Amino acid sequence: MLQEHNKGGKMVVMKASEVAPTATVKFFGAGTAGCVADLVTFPLDTAKVRLQVQGEVQKAEGANARKYRGVFGTICTIVRTEGPRSLYNGLAAGLQRQMSFASVRIGLYDSMKQFYTRGNESSGIVTRLMAGCTTGAMAVAFAQPTDVVKVRFQAQTRLSDGERRYNGTLDAYKTIARDEGVRGLWKGCMPNITRNAIVNCAELVTYDIIKEVILKYNIMTDNLPCHFTAAFGAGFCTTVVASPVDVVKTRFMNSGANQYSSAINCALTMMKNEGAAAFYKGFMPSFLRLGSWNIVMFVTYEQIKRGVTQYWESPF
């Protein structure tokens, strides 16, 4: 469909696919795309969490407590000992997280870029980094309780008598608030803000730049292969940069009431007991999860933006 726009006294004809999606479309599109990506990649995320907290389990249960080895070994062990449904422990909280988290950090990214450039179309690397940091921090402020519950569910294992740490998502929110106070629901908020500022900058800015370069040099057109390539590159760069903070965040959020005095204490304890390599525990599932999550999310997000915008312009 063609659309006419008045620009400088001249009528400019634009295709529907060229019409920019609104902030509302981006906001809800990002949340929906995040949920689709979580549904596809959640078992990898669960494997990542189990590998990241394994050092604590070894220390608590003895040197021979290591039972997870590698991404697919971890998934197989979980399926064998706890059943396949355990791979999706915390999915409800994960979807709640994406609707509040991805909507803000990804959906508002372009709007935040425009805010910092005061409506200018061109945006440099500093502006993009500022926009990424801002939306990342805002998203954590909204979604931290859902992230805490998600991590707790993914980290818990079925006990010999069949009992679990929490009986359901709502029970987890209530139990954490009762036993640790309302502040317990925002446990690890600062390392999570740090982690998501890094992730958002690495992920969105890298995706933005890779896609821009691909289109600028006519390597590909603005289509599925372009989105796939940019998302894959963004996933790898993000995993390398954010893995240490991600491990500390996971350990701290999953810890008991007095296990660590702060996120920094958690990091120092890890370094002392397990060495520097501990900060890259679960790197492969992190990359597989983040890389595949990025691909599914960004490809879905681009299609939702394009599809909804076209429907909005021509519903029949």
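Numbers here simply count residues along the sequence, with the first being 1. From a predicted model like this one, the values you see are computed outputs, not experimental measurements.
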Quiz prompt | Residues Asp179, Lys174: salt bridge by 4.0 Å N-O rule | solution = no
Exercise. Could you tell me whether Arg152 and Glu180 make a salt bridge, using a distance below 4.0 angstrom between a side-chain N and a carboxylate O?
Key: yes
Quiz item: Can you check whether Arg289's main-chain N or O pairs, donor with acceptor, with Ser292's side chain at less than 3.5 Å?
Solution: yes
Self-check item: Note, Val36 side chain near Gln98 side chain (heavy atom, < 4.5 Å)
Solution: no
Exercise. Check whether NZ of the Lys or CZ of the Arg Lys305 lies under 6.0 Å from the centre of the six-membered ring of Tyr301 and within 45 degrees of that ring's axis.
Key: yes
Quiz item: Do the side chain of Gln52 and the main chain of Arg251 share a donor and acceptor less than 3.5 angstrom apart?
Solution: no
Quiz item: Is a side-chain donor-acceptor pair under 3.5 Å present for Ser255 with Lys187?
Solution: yes
Quiz item: Do Tyr280 and Val247 come within less than 4.5 Å of each other through their side chains, counting heavy atoms only?
Solution: no
Self-check item: Worked verdict on Ile209 versus Ile125 for side-chain contact (heavy atoms from CB on, under 4.5 Å)
Solution: CA-CA 9 Å; Ile209 291 172; Ile125 186 69; 3.6 Å; yes
Quiz item: Residues in ring pair (Phe, Tyr, Trp, His ring centres under 6.0 Å) with Phe236, at least two apart?
Solution: Phe287
Quiz item: Thr135 side chain to Arg105 main-chain N or O, any donor-acceptor pair under 3.5 Å?
Solution: yes
Quiz item: For Gln154, does its backbone N or O pair with a side-chain atom of Asn89 as donor and acceptor, under 3.5 Å?
Solution: no
Practice problem: Go through the steps to decide whether His227 and Lys211 satisfy the test side-chain contact (heavy atoms from CB on, under 4.5 Å), and finish with yes or no. | Solution: CA-CA 7 Å; His227 305 154; Lys211 182 182 172 185; 4.2 Å; yes
Practice problem: Indicate yes or no: at least one non-hydrogen side-chain atom of Leu108 is less than 4.5 angstrom from one of Lys26. | Solution: no
Practice problem: Show your working on side-chain hydrogen bond (donor to acceptor under 3.5 Å, both in side chains) between Asn196 and Asn192 and close with a plain yes or no. | Solution: CA-CA 6 Å; Asn196 279 292; Asn192 210 11; 2.9 Å; yes
Exercise. Check whether any side-chain heavy atom of Phe101 lies under 4.5 Å from a side-chain heavy atom of Phe142, and answer yes or no.
Key: no
Quiz item: Of the options Asp246, Thr250, Thr41, which is the one that meets Lys48 in a side-chain hydrogen bond (donor to acceptor under 3.5 Å, both in side chains)?
Solution: Asp246
Quiz item: Would you call Asp38-Arg97 a salt bridge at under 4.0 Å N-O?
Solution: no
Self-check item: Ser103 side chain vs Phe28 backbone, donor-acceptor pair below 3.5 Å
Solution: no
Exercise. Answer yes or no: is there a donor N or O on one side and an acceptor on the other, between the side chain of Thr146 and the main chain of Ala143, under 3.5 Å?
Key: yes
Quiz item: Are Phe42 and Lys150 close enough, and set up right, to give a side-chain contact (heavy atoms from CB on, under 4.5 Å), and what steps lead you there?
Solution: CA-CA 11 Å; Phe42 208 79; Lys150 179 184 81 76; 4.1 Å; yes
Quiz item: Out of Asp208, Val213, Ile214, which one pairs with Ile210 under the side chain to side chain contact (heavy atoms under 4.5 Å, CB included) rule?
Solution: Ile214
